[in-house]
Every structure is written in C-alpha cells, then in structure tokens.
Colleague: 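Just passing along the structure, written as structure tokens.
Remember, it's a predicted structure, so these values are computed and weren't measured experimentally. Counting from 1, the numbers follow the sequence of the chain as shown.
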Amino acid sequence: MRLIVNGQERTQATPVSMQDTVLVEVVNERREGEWSISISADGLQAKLRVSPTVVLYRELADLPPASKLQLAVVEREELLPPLTWDQLLEELSQLGINYGVDWQACSRGVASCTEEEVVIAQGIPAKPGKDSRVEFLFPTDSKLPVPVEEEETVDFRERYVFTSVEAGKILAVKYPPEPGHPGTSVKGDIIIPPSPRDCILVAGEGVVLTKDGERAVAARVGRPVATHRRNSVRVSVLPELMHTGDVDLAYGNISFKGDVVIAGNVEEGMKVEAGGNIRIGGLVSGARIQATGSILIRGNILTSVVIAGGIPTFMKEMLPQVRALAIGLREMIRAIYQLLGHPSFKQGDLKRGIGPLLRLLLEGKFRHLPTAAEAFRKQVETLPSGLAGEGLDEFIDEVERVVVRSPLVVRDLQEVEKLAQLASEWEQALASPPSAESDVVAANILNSTVIASGDIRVVGGGCYNSRIQADKKVTVTGVFRGGEIQAGGDVHVGELGSRGGSATRVMAGARATVTIKFAYENALVLVGARAYRFDRKEKDVCLWLDKEGNLQSRAIPA
C-alpha cells in the first residue's frame with residue numbers, strides 16, 4: 001500500500017493530526033500465467049502445459065483507534081485460466097495438430113486454474129512386425145538331467161538323458177517374418193513400422209530341408225545340434241556322441257540313438273546303449289554294452305555283457321511265451337470289463353480289489369497264463385548271466401506276481417493293464433526283424449558274454465571262461481580257454497582248451513569250417529550235428545562237413 005500525507009508519500013512512521021490530509025492507497029497485483037503445447041519426439045502425443053494467471057486483491061484492514069496506528073492490508077488471491085479457446089485452436093493449427101485430438105482434455109486445459117500437464121492429442125503407434133524365428137523341436141541341451149521324484153530312490157548311474165533323434169523326425173520349423181501395421185502421428189503423418197528381420201534355415205550335416213525351406217528333417221539317426229549365425233540357423237545331426245573321459249558314476253549311463261565314442265573306460269555297474277555303433281578306447285569292466293551296430297573295444301572285456309545287433313537270435317525263442325502272455329492278458333482285461341459292466345454284478349463284492357475276480361479267471365478260462373509265465377521264467381533262467389538285463393528281469397517278476405504268486409492282492413485293473421502293455425512291448429521287441437550284421441572287436445575277453453549278429457574278432461591274447469556267440473564268423477587269434485563259442489559261420493582259434501582240461505567247446509553251423517592252430521585234449525568241436533573231441537594235443541586242424549554230412553578233418557598246410 002502507499003501512505004500519502006498532505007500530498008507526499010511517506011515510507012517512515014509519520015505523526016499526523018486532525019489538520020493533516022491522509023490518504024491510503026491499496027495496490028492490487030496481477031501475475032500473468034503461462035501455457036505451451038509440446039509434441040513428443042515420436043509424434044504420438046501432444047501435451048498442454050498450463051500455469052494459471054494469479055490476481056492479488058488487497059484491502060486496508062479495519063483497525064481499532066490507536067495512538068500509534070500500524071497499517072495492514074488483507075489479501076485475496078484469484079486464479080484465472082492463462083489461455084482462451086481461440087488461442088488454443090490457433091496454436092493447434094500453427095503446430096499442425098489435427099489427429100487424435102481429445103477435445104474434452106482441451107476443454108479441461110482451457111478451464112484449468114492449476115498448474116498441470118494435460119494430454120490433448122494421442123496418435124496411433126505403429127505396430128511392429130514379428131521377426132522370423134526358428135522353433136526347435138528337440139532339446140538344445142545335448143545332455144538333460146533325469147528328474148527324480150522325492151519318493152524315488154536315486155540311481156546315480158541314470159544321471160542324464162542324451163538327446164538323440166531318429167531319421168525322419170522334424171527338428172526345426174521356421175516361421176516367416178510378419179509385417180507390422182503403420183501408425184498415425186498427431187499431425188496426421190503415417191508412421192512406418194521397422195521392417196522385421198528375416199533369417200535363413202540351413203540344413204547341416206545329416207539334415208534335409210522341405211521344399212519351402214521352412215522345416216528341417218533328420219536324414220539319419222544321431223545327436224541334433226543347432227548353431228546360430230548372424231542371419232541364419234544351421235541344424236545338423238551328428239552321427240556320434242563323444243565322451244572324452246570314463247563312463248562312471250560321476251558321468252552316468254549312456255543311452256543314445258546314434259553312434260557313441262568313449263575315449264576312456266566303462267566302469268563297473270555302468271551301461272552304454274547305442275542305436276548305432278560304439279567305440280571304446282579303454283577297457284570294459286563289470287558293465288553292459290549294447291549296440292544296434294558294431295562294437296569296437298580297444299581294451300579288454302572283463303566280467304561284462306557285450307551285445308551287438310539288437311535282440312540276440314536265441315532270445316527270440318522266448319517269443320511264443322511272451323506272445324501268449326500279451327494276448328492272454330489283453331483278453332482277460334476285456335473279460336474283466338464285461339463282468340464289471342454286467343447288471344447282475346455287485347460292485348460291493350470287490351471292496352478289497354479285483355484280486356478274487358482275477359484269480360477266478362486264472363483258474364478258469366485263462367489257466368494257460370500261469371503255465372506260460374512259468375515257462376517264460378525257465379527260459380530267462382537259461383540265459384547267460386547278465387544277458388537278460390534289468391528290464392526283462394523286472395518284467396518276468398511282475399508277470400509272476402500278478403498271474404502266479406499273488407493275484408489275490410491285485411487291487412486295481414490298471415496293474416493288469418500296465419502288465420499287458422509291457423508284454424506287448426516285449427512281444428514287439430522280440431518279433432522285430434534281425435538287424436544288419438553287427439560285429440564285435442576286442443583285445444581280450446575274460447569271464448564275459450559277447451554276442452553279435454555279425455562277426456566276433458578277438459585280436460589280443462584271447463578269451464578265458466567266456467561265452468562267445470556270433471551269427472557269422474568268430475576269430476580268436478590267441479587262446480580260447482574255458483567256455484563256449486557258438487558261430488553260424490566259420491571259426492578260427494589260435495589255441496583251444498587248456499592243459500588242465502577245462503570245459504571248452506566250439507559249436508559251428510553245418511556249412512562252417514573250424515580251423516584250430518593248436519588244441520588240447522578234451523576240447524570239443526561240433527560242426528552241425530557232428531562232434532569232434534580232441535583226445536590228444538593236435539596242431540593245425542581243419543574241420544568241416546562234406547556233402548553227405550560226415551565230419552572231415554585235415555591238417556592245415558604250413
């Protein structure tokens with residue numbers, strides 16, 4: 001305020017009297033507001049920022065009489081919008097904002113008496129496209145840990161599942177890029193989305209592409225791998241699984257559909273199974289080695305089972321019993337379902353399970369199943385030690401439990417259905433056609449069983465107390481002492497039998513020729529149905545059957 005006494009403005013305390021002219025002027029104040037419109041860098045949003053106009057109204061305070069009067073004012077603030085509609089429309093026009101304008105937001109901005117920021121226009125963003133991608137239909141980790149449930153016992157030999165595929169399996173699918181959709185800015189301009197990236201699916205070793213180039217298919221059995229380049233994905237099927245160390249508890253068993261190469265040893269209690277060939281750089285001790293293809297072991301085979309060529313021929317003799325079990329179990333399951341669904345059947349009769357009904361059927365229409373199970377058990381017991389494997393032993397144990405020993409304790413039909421499924425799987429395995437000729441080559445064999453659908457060659461010192469069975473030829477360059485050789489083809493042995501006369505036998509096919517460089521007495525050779533027992537030490541012997549089926553022998557020329 002201003003104090004004017006007798007026409008002069010005073011700024012200090014001033015004495016006045018009744019004769020003085022005193023004037024007090026109150027000064028009002030106005031601070032103009034501000035506003036602006038900004039457009040985002042991507043052109044998708046326009047914002048109105050407002051700061052209101054402030055008007056201060058002042059009045060002289062009403063004070064009581066006093067000898068010394070201290071003047072004071074009372075202030076009142078009023079806030080006003082800083083812009084008008086016309087100003088806003090003109091600015092929108094100047095900036096070219098003509099798309100996605102929110103007129104309600106504009107109305108709020110124009111009427112706003114507070115400091116705020118209001119979005120008054122919103123464009124449509126461009127929708128980006130999808131880059132080309134490749135979906136892998138196999139685990140990209142070559143070795144996956146086996147999951148173990150809490151209640152399961154951990155078998156440290158079964159530590160991993162190795163990724164492998166069969167020929168014809170689709171390994172990867174390429175999805176082409178998908179274009180995006182354009183957007184619109186607040187100025188009405190078209191916003192072009194970025195172009196999606198494309199990639200190329202490349203067929204590597206052991207893989208072929210479909211005609212459209214969008215599917216990779218395995219051309220052989222092996223381990224699938226994928227490698228990424230800048231703009232391409234190469235899918236290959238490697239024919240071999242490489243393991244640079246020993247197969248032991250730390251590494252776990254190996255089961256792979258392709259070839260397996262092991263640089264070290266296969267230790268006690270371990271298993272190696274392959275759908276292709278197996279090559280082992282060290283020895284095999286107390287282990288089980290099985291391959292659909294051939295097996296090469298550079299070291300010795302000690303107290304182990306080695307099988308090359310799938311299911312051995314002599315194991316196929318069990319097929320009739322397994323087939324009888326599979327068919328009988330399936331028919332019995334159908335009979336149980338029919339009985340359970342019959343109106344006269346009371347569900348309360350089986351409160352403790354289907355055991356009584358199962359035993360009734362096994363004693364009646366299906367009494368042949370216990371007989372087949374017992375015959376099957378006898379056949380399994382005649383197999384060489386360790387040859388059957390855990391799977392076959394577990395299967396026959398379950399068969400005997402359900403149909404022979406304890407049918408009464410079977411509670412659920414699912415137990416019988418699971419057993420029937422196992423029987424069908426074994427029937428299919430035993431009925432499978434013989435595999436291609438698969439060979440076994442090893443340095444020495446001790447206390448082991450070695451079986452091959454092709455040839456067996458022992459290139460080191462020889463074999464001791466072992467069983468060797470080949471559908472084709474058997475060659476032992478060194479000693480064969482104790483045990484048995486069975487061969488569909490020719491047999492060649494460097495030294496047969498022993499001084500102590502341990503049981504040593506060679507069995508060859510009717511068309512085979514058996515050659516022995518040195519044989520001890522009591523060694524036995526069978527060619528077809530004809531037997532030749534050495535009653536003294538002999539050198540360079542050749543045995544075969546003539547056209548009339550008579551056993552012939554002659555000395556091998558030096």
Side-chain angles (χ1 to χ4, degrees), residues 33-52 81-112 114-141 170-204 207-218 224-236:
E34 297 179 349
W35 65 277
S36 65
I37 296 176
S38 63
I39 300 175
S40 61
D42 57 10
L44 290 173
Q45 199 173 70
K47 293 182 180 179
L48 171 64
R49 294 179 178 85
V50 293
S51 180
L83 78 162
T84 64
W85 262 108
D86 291 340
Q87 290 174 314
L88 176 63
L89 294 175
E90 183 178 356
E91 184 69 9
L92 290 175
S93 177
Q94 289 286 339
L95 296 175
I97 299 174
N98 55 21
Y99 184 85
V101 178
D102 185 346
W103 296 111
Q104 290 184 348
C106 289
S107 178
R108 291 197 306 272
V110 168
S112 176
T114 60
E115 187 170 344
E116 64 176 318
E117 184 176 87
V118 181
V119 177
I120 60 172
Q122 181 71 56
I124 298 177
K127 184 179 179 181
K130 293 183 178 180
D131 293 340
S132 175
R133 65 184 180 90
V134 174
E135 179 186 6
F136 299 108
L137 303 182
F138 62 91
T140 53
D141 189 345
I170 298 176
L171 302 177
V173 178
K174 174 195 171 183
Y175 295 93
E178 297 180 12
H181 298 283
T184 306
S185 72
V186 294
K187 293 185 177 182
D189 299 328
I190 301 298
I191 301 176
I192 304 299
S195 299
R197 292 181 296 178
D198 195 7
C199 70
I200 302 172
L201 185 59
V202 179
V207 172
V208 295
L209 294 182
T210 54
K211 290 183 178 180
D212 57 9
E214 294 183 355
R215 282 177 172 79
V217 181
V225 295
T227 54
H228 297 261
R229 296 289 190 270
R230 192 167 190 177
N231 294 314
S232 66
V233 176
R234 178 183 295 272
V235 181
S236 306

Colleague: Can you tell me how far apart CD1 (I39) and CD1 (I97) are? Round to the nearest 0.5 Å.
Modeller: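 Rounded to the nearest 0.5 Å, the CD1-CD1 separation comes to 4.0 Å.
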Colleague: Determine whether T227 and V235 make a side-chain contact, defined as any pair of heavy atoms from C-beta on separated by less than 4.5 Å.
Modeller: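 They are not in side-chain contact.
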Colleague: Is it the case that the side chain of D131 and the backbone of R197 share a donor-acceptor pair, with hydrogens and angles ignored and the cut-off at 3.5 Å?
Modeller: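 Checking the backbone N and O of R197 against the side chain of D131, a donor-acceptor pair under 3.5 Å is found.
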Colleague: Please check if the side chain of E90 supplies one atom and the backbone of Q87 the other of a donor-acceptor pair under 3.5 Å.
Modeller: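 No, E90 side chain to Q87 backbone: no donor-acceptor pair under 3.5 Å.
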Colleague: Does the side-chain contact (heavy atoms from CB on, under 4.5 Å) test come out yes or no for Y99 and D189, once each step is laid out?
Modeller: CA-CA 9 Å; Y99 184 85; D189 299 328; over 6 Å; no
Colleague: The criterion is ring pair (Phe, Tyr, Trp, His ring centres under 6.0 Å); which residues satisfy it with Y175, sequence neighbours excluded?
Modeller: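 Testing Y175 for ring pair (Phe, Tyr, Trp, His ring centres under 6.0 Å), a comparison that skips the adjacent residues, returns none.
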Colleague: Taking all non-hydrogen atoms of both residues into account, name the closest pair between P193 and K127 and its distance.
Modeller: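 Looking at all heavy atoms of both residues, the closest pair is CB-O, 3.7 Å.
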Colleague: Could you pull out the closest heavy-atom pair between W103 and L89, with the gap in Å?
Modeller: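 Shortest heavy-atom separation between W103 and L89 comes out as CZ3-CD2, 3.7 Å.
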Colleague: Can you tell if the side chain of L48 reaches within under 4.5 Å of the side chain of I37, non-hydrogen atoms only?
Modeller: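 Sidechains of I37 and L48: in contact.
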Colleague: Going through the distances and angles, do L88 and C106 end up as a side-chain contact (heavy atoms from CB on, under 4.5 Å)?
Modeller: CA-CA 8 Å; L88 176 63; C106 289; 3.7 Å; yes
Colleague: Heavy atoms only: give me the nearest I191-S185 pair and the separation to one decimal.
Modeller: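 Minimum heavy-atom contact is CD1-N, 3.8 Å.
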Colleague: Roughly how far apart are I170 CD1 and L137 CG, rounded to 0.5 Å?
Modeller: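 Reported to 0.5 Å precision, the distance equals 7.0 Å.
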Colleague: Taking T210 for the side chain and R215 for the main chain, is one N or O donor matched with an acceptor at less than 3.5 Å?
Modeller: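 Yes.
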Colleague: Hey, does the side chain of T184 reach the backbone of G188 with a donor-acceptor pair shorter than 3.5 angstrom?
Modeller: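 Side chain of T184 to backbone of G188: no pair is present.
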Colleague: Is any side-chain heavy atom of F136 closer than 4.5 Å to one of P224?
Modeller: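 Side chain of P224 against side chain of F136, heavy atoms only: no contact under 4.5 Å found.
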Colleague: Looking at V186 and A46, what are the two nearest heavy atoms and their distance?
Modeller: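 The answer is CG1-N, 4.2 Å.
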Colleague: Are the side chain of S112 and the backbone of T114 linked by a donor-acceptor contact shorter than 3.5 Å?
Modeller: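 Yes, because the side chain of S112 sits within donor-acceptor range (under 3.5 Å) of the backbone of T114.
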Colleague: Taking atom CD of E115 and atom OG of S51, what is their separation to the nearest 0.5 Å?
Modeller: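 One gets 4.5 Å once the value is rounded to the nearest 0.5 Å.
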Colleague: I need the minimum non-hydrogen distance between P52 and P82, along with the two atoms involved.
Modeller: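 Taking P52 first and P82 second, the nearest heavy atoms are CA-CD, 4.1 Å.
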Colleague: When rounded to the nearest 0.5 angstrom, what distance separates SG in C199 from CG in N231?
Modeller: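 Rounded to the nearest 0.5 Å, the SG-CG separation comes to 8.0 Å.
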Colleague: So do the side chains of V50 and V118 get within less than 4.5 Å of each other, counting heavy atoms only?
Modeller: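 Side-chain contact under 4.5 Å: no.
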Colleague: Taking only Lys NZ, Arg NE, NH1 and NH2, and the carboxylate oxygens of Asp or Glu, determine whether K174 and D198 approach each other closer than 4.0 Å.
Modeller: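 Yes, K174 and D198 are salt-bridged.
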Colleague: Within a reach of under 6.0 Å around CD of Q104, are more than 12 heavy atoms found that belong to other residues, nucleotides or ligands?
Modeller: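 Not buried by this count: 12 neighbours or fewer within 6.0 Å.
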Colleague: Give the intermediate values and the outcome of side-chain contact (heavy atoms from CB on, under 4.5 Å) for residues V202 and L209.
Modeller: CA-CA 8 Å; V202 179; L209 294 182; 6.0 Å; no
Colleague: Nearest 0.5 Å, what's the CG-NZ distance between L44 and K187?
Modeller: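 These two atoms lie 12.5 Å from each other.
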Colleague: Identify the heavy atoms of P125 and G123 that sit nearest to each other, and give their distance.
Modeller: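 Scanning both residues, the minimum pair turns out to be CD-O, 3.8 Å.
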Colleague: Once you round to the nearest 0.5 Å, how far does CD of E116 lie from CZ of R108?
Modeller: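 Answer for the CD-CZ pair, E116 versus R108, is 8.0 Å.
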Colleague: Has the side chain of S40 got a donor or acceptor atom that lies under 3.5 Å from a matching backbone atom of Q45?
Modeller: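 Yes, the answer is positive, given that a donor and an acceptor are paired below the 3.5 Å cut-off.
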Colleague: Would you indicate whether the side-chain heavy atoms of R49 and S36 approach each other to under 4.5 Å?
Modeller: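 Yes - at least one pair of side-chain heavy atoms lies under 4.5 Å apart.
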Colleague: For the pair V101 and I120, evaluate side-chain contact (heavy atoms from CB on, under 4.5 Å) and give the outcome as yes or no after the intermediate values.
Modeller: CA-CA 6 Å; V101 178; I120 60 172; 5.5 Å; no
Colleague: Could you check whether atom CD of E34 has more than 12 heavy atoms from other residues, nucleotides or ligands sitting under 6.0 Å from it?
Modeller: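 Atom CD in E34 is not crowded, with 12 or fewer foreign heavy atoms closer than 6.0 Å.
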